[in-house]
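One structure below.
We use all heavy atoms of the structure for the numbers below, so side chains are in, but hydrogens, waters and symmetry mates are not. In each ligand, atom 1 is the first atom listed, and ligand 1 is the first ligand listed.
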Amino acid sequence: MLNHENSHLIFIEACNLMPGGVNSPARAFGAVGGEPVVIDRGEGAYLYDVDGNRYLDYVQSWGPMILGHAHPQVIAAIQTAAVKGASFGAPTLLENTLAKMIIDTVPSIQKIRFVNSGTEATMSAIRLARGFTNRKKIIKFIGNYHGHVDALLLAAGSAAATLGVPNSPGITEGVIQDTILLPYNNVEALKDIFHRMGKEIAAAIVEPVAGNMGCVVGSSNFLYELRHLTQEHGSILIFDEVMSGWRVGKSGAGARFSVLPDITTLGKVIGGGLPVGAYGGRADIMDNVIPAGKIFQAGTLSGNPLAMAAGIATLKTLNETDPFAALERKAAMLAEGLEDVAREAKIPVVIEQIGSMMTLFFLTEVDNKTDQYRVSGTTFNGGIVERSTATSSTGGCYSSKITDWDSAAKCNTKRYANFFWNMLERGFYFPCSQFETFFMSTAITEKEIKQTINAAEEVFKLL
Ligand SMILES: *Cc1c(COP(=O)(O)O)cnc(C)c1O
């Protein structure tokens, strides 16, 4: 057994200092039952905890660390910026540089505003959409997470769902009365609501590839209809690519599926590990943001030089090395390997994977009486493993077994917890919830992927 003594002592102290001992619930290991390991440092593909244990990291700070930990170019950029001063609350050239890099990469973004987190980005995007359209209603999809914005913290996937808190106390009815919840990937529900109240809808916000109920890919038909209907009814389409940006591919899910939103929200990768978010889109919409326009949004530390420098170094390295095909290939290699060893062990799983995002969903046991198991309309005849990979770069018709929150929520979270702890014990750090996404980084090599599959082979036999 790995020794977790120092982690334990630090966590016990933390519990007296911070609610639940953490500053964000996803990291508390609550969904798998137990105490988190406390991290000392990261290097490349690995995390090192305070007891000196080493883990191959598939969490990557929940997405940002696409180049791995403590990447030399990112460290150098942060150091250079830090020497010049941490914050000025005044314009810097770094902001232009990162803005240009993003505008050059994401086809739907003409103008951008930097904020400090993904939550701030979605909150601001919604205010902008409402101000721009002079309408109130927003559509949000069940199982999608857009940060802890009051109006969006309904049926919000992993963090909320695994803790059994779909709606947080403290969010008033008034705040959510204009939020319309719809099932993900359901075109009929979408058509119906636009038919009934299209003219009242300010915006629809969606994760085009969802990562917060596990990785669930938006079908191109669904995204296409969403674009079509919002356009037809004068509503704003917001793609929340805080997670999928640079993960689903260099230009994000919008470009991959050839569906361009009016506003895109970003975060995670664009900050290279520092706290950054952004929202950007059509210039005629963005020019309504103060001081160009009247819609208020501000931030003392927004466009912070250290954060901009880390983001620039990350995107520059990604531009120079173009690792996206390799990331996708490595993620597929892991998915296929896990699928094989699960099949051998007769553990029913579905693996969803696109770009450098993937989730291993443990299906509920096959019902012995009928020997059938249904997930979202598909019957498994004792079939053990199904996998779907979105390989078409233009987003051809995507078919999948886990398509929405209902099908994800049926998964065997106990078995996932068991998998999680057994892999952790072997030095592999996976997300501490069934409803989160694993990430591939450029620092993880094929050798390490093979080690992961070998460890999983052992673990599946114990499940
Ligand atoms: C992580 C995430 C957010 C919230 O970003 P924070 O920086 O944690 O506030 C919003 N939307 C999506 C899709 C995310 O994955």
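Across K137, K136, R130, a single residue satisfies side chain to side chain donor-acceptor pair (under 3.5 Å) together with D178, and that is K137.
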F29 and F11: ring pair (Phe, Tyr, Trp, His ring centres under 6.0 Å), yes or no, with the steps? CA-CA 12 Å; F29 283 23; F11 185 65; 8.8 Å; no

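The single protein non-hydrogen atom nearest to atom 3 (C) of ligand 1 is V242 CG1, 3.7 Å, given as residue, atom name and distance. At the shortest separation from atom 8 (O) of ligand 1 among protein heavy atoms lies T119 OG1, 4.5 Å. What sits closest to atom 1 (C) of ligand 1 on the protein, heavy atoms only, is K268 NZ, 1.6 Å. Ranking the protein heavy atoms by distance from atom 6 (P) of ligand 1 puts G118 N, 3.4 Å first. Nearest protein neighbour of atom 11 (N) of ligand 1, counting heavy atoms only, is D240 OD2, 2.6 Å.
Of the heavy atoms in E207, only side-chain atoms (C-beta onward) come closer than 4.0 Å to ligand 1.
In the model, Y184 has no side-chain atom that pairs as donor or acceptor with a side-chain atom of N144 under 3.5 Å. Between E320 and T317, the side chains place no donor N or O within less than 3.5 Å of an acceptor N or O (distance only, hydrogens not considered).
Of all the atoms in ligand 1, the ones that sit under 4.0 Å from a non-hydrogen atom of H146 are 10 (C), 11 (N). Near G147, the atoms of ligand 1 lying under 4.0 angstrom from a non-hydrogen atom of the residue are 3 (C), 4 (C), 10 (C). Below 4.0 Å from some heavy atom of S117 lie the following atoms of ligand 1, by number and element: 7 (O), 9 (O). When each atom of ligand 1 is checked for a heavy atom of Y145 under 4.0 Å away, the hits are 11 (N), 12 (C), 13 (C).
Without hydrogens or angle criteria, D262 side chain to L237 main chain gives a donor-acceptor distance under 3.5 Å.
Below 30°, between 30° and 60°, or above 60°: for F438 and F419 the angle between ring planes is below 30°, a parallel geometry.
Taking the six-membered ring wherever Trp is involved, the centroid distance between the rings of F430 and Y416 does not fall below 6.0 Å.
Across A307 and V276, no two heavy atoms sit closer than the pair CB-CG2, 3.3 Å.
Between N212 and ligand 1, an N or O atom pair is found at a separation short of 3.5 Å.
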